[in-house]
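Inspection log for the structure reproduced underneath, given as structure tokens.
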2 protein chains.
Amino acid sequence: MTGPRDIEDLIELMARLPGLGPRSARRAVLVLLKKRGPLMAPLAQAMAHVALTARDCTICGNIGTGDICPICTDDRRATGEICVVEDVADLWAMERTGAFKGRYHVLGGTLSALDSVGPEELRIPRLVERVRDEGVREVILALNATVDGQTTAHYIADALEGSGVQISSLAQGVPIGGELDYLDDGTIGAAFRARRRV
Amino acid sequence: MTGPRDIEDLIELMARLPGLGPRSARRAVLVLLKKRGPLMAPLAQAMAHVALTARDCTICGNIGTGDICPICTDDRRATGEICVVEDVADLWAMERTGAFKGRYHVLGGTLSALDSVGPEELRIPRLVERVRDEGVREVILALNATVDGQTTAHYIADALEGSGVQISSLAQGVPIGGELDYLDDGTIGAAFRARRRV
Ligand SMILES: [Zn+2]
Ligand SMILES: [Zn+2]
């Protein structure tokens, strides 16, 4: 026992966040307890609000607060280019570079024989549909340089064969085994600009 | 822009927690977004509940969910001994050792000429009152081995002079400049058992 049950429960939930172990979760909760008015209450409210309103964009899989995300509804974004990413984190990383002005498609993972993740789980059929329906000229595969990422890239390239769309992937600048979300923005931007056709 | 405004706000609030910078706050929020049902909603609810119900114990300054904390209401805890700590974090650290079975008094900080924190801000008058009214035999000063901590210890020893109470402090085991909350439980426990009279 360190504190009342309710506070213990809160610490236990906080400890499930990445970057916070049991010890740092306790310290975070103590700071929250001291700043109940200025920090804890607004944080709880913001979190409850997002938990209630956030949803996956029905077009691209990005997370927004409506059925269609801000990027898909932004008509200043080019419709002829789709950048395919594994994860919302990768979309955010790409957006921070400012290098891409088109639309996205968030797979929500990679094909994995090990975890038996198939194309259906990954919105790949939806991507094929979009390429057909949205007059897409180029699909940029911005997938992690991991084995699963590259397997997925090849699978998508095969699935889009015959559609006439140009398929490219990020340039060699992405280090082997590297994950986009951990790279600096400059590296991602440069790799994007030097992208090559598959 | 990385995500919708509401999500940005949430990241910004999370980044104010100790141990989370802007980058790790973003990663934490992404995990929450993916686990909206199983993690984000319960965490928001637990946090809102604690923000609403937590309050400082009117006797000892510990944080509980009622006017009087679980330690002050627990009649198995000895009433003749009061362990004085700077902070609730230190109380929790002391409780984890299991070495102490009495009551606490949480100062809420240390005397500091620099930050103009005086005895009134620190519940020191309340401590003198408790020593007089609760039949206290021993006051154990479990304060950090910092300059401010030791200044505060001397001030309290002076304030209690003539009350007939025995005053002790943690043994030398606490390293110079060390803060209780960062020490391992064994060290705190040993220092407690070897406490010496002031
Ligand atoms: Zn979208
Ligand atoms: Zn209490």
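A quick note: this is a predicted structure, and the numbers were derived from the prediction, not measured. The chains referred to below are lettered A, B, ... by the order of the sequence lines, with proteins before strands, and numbering in each begins at 1.
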Item to complete: Please test A:Leu32 against B:Val50 for side chain to side chain contact (heavy atoms under 4.5 Å, CB included), starting from the C-alpha separation and ending with a verdict.
Response: CA-CA 10 Å; A:Leu32 288 172; B:Val50 171; over 6 Å; no
Discussion item. Run B:Arg36 and A:Asp56 through salt bridge (Lys or Arg N to Asp or Glu O under 4.0 Å) and show every step you take.
Written reply: CA-CA 11 Å; B:Arg36 295 196 283 273; A:Asp56 297 343; 3.8 Å; yes
In Å, rounded to the nearest 0.5 Å, how long is the span from [atom1] of [X] to [atom2] of [Y]?
{"X": "B:Arg26", "Y": "A:Arg96", "atom1": "CZ", "atom2": "CZ", "value": "3.5 Å"}
{"X": "B:Glu12", "Y": "A:Leu43", "atom1": "CD", "atom2": "CG", "value": "10.0 Å"}
{"X": "B:Leu20", "Y": "A:Ser24", "atom1": "CG", "atom2": "OG", "value": "7.5 Å"}
{"X": "A:Leu30", "Y": "B:Leu17", "atom1": "CG", "atom2": "CG", "value": "11.5 Å"}
{"X": "A:Met40", "Y": "B:Met47", "atom1": "CE", "atom2": "CE", "value": "6.0 Å"}

Response to the item:
Counting heavy-atom pairs under 4.5 Å with chain A, the top scorer among B:Thr65, B:Leu39, B:Leu52 is B:Leu39
Discussion item. Out of B:Ala89, B:Gly19, B:Gly64, return the one with the most heavy atom pairs under 4.5 angstrom to chain A.
Written reply: B:Ala89
Worksheet item: For A:Met14, is it the side chain, the backbone, both or neither that has a heavy atom under 4.5 Å from a heavy atom of chain B?
Response: both
Fill in: Which portion of A:Asp87 sits near chain B, non-hydrogen atoms under 4.5 angstrom
side chain
How about [X] and [Y]: do any of their side-chain heavy atoms sit closer than 4.5 Å?
{"X": "A:Gln45", "Y": "B:Leu13", "answer": "no"}
{"X": "B:Arg16", "Y": "A:Lys35", "answer": "no"}
{"X": "B:Val88", "Y": "A:Leu33", "answer": "no"}

Discussion item. Membership question, hydrophobic clusters at under 4.5 Å side-chain separation (ILVMFWY): are A:Val139 and A:Ile59 in the same one?
Written reply: no
Worksheet item: Which pair of non-hydrogen atoms, one from A:Ala44 and one from B:Ala48, has the smallest distance, and what is that distance?
Response: CB-N, 3.4 Å
Fill in: Sidechain-backbone polar pair: A:Arg27 side chain, B:Pro18 backbone, donor-acceptor under 3.5 Å
no
Worksheet entry | Positive for side-chain contact (heavy atoms from CB on, under 4.5 Å) with A:His49, one of B:Leu10, B:Asp6, B:Ile7, B:Asp9 | B:Asp6
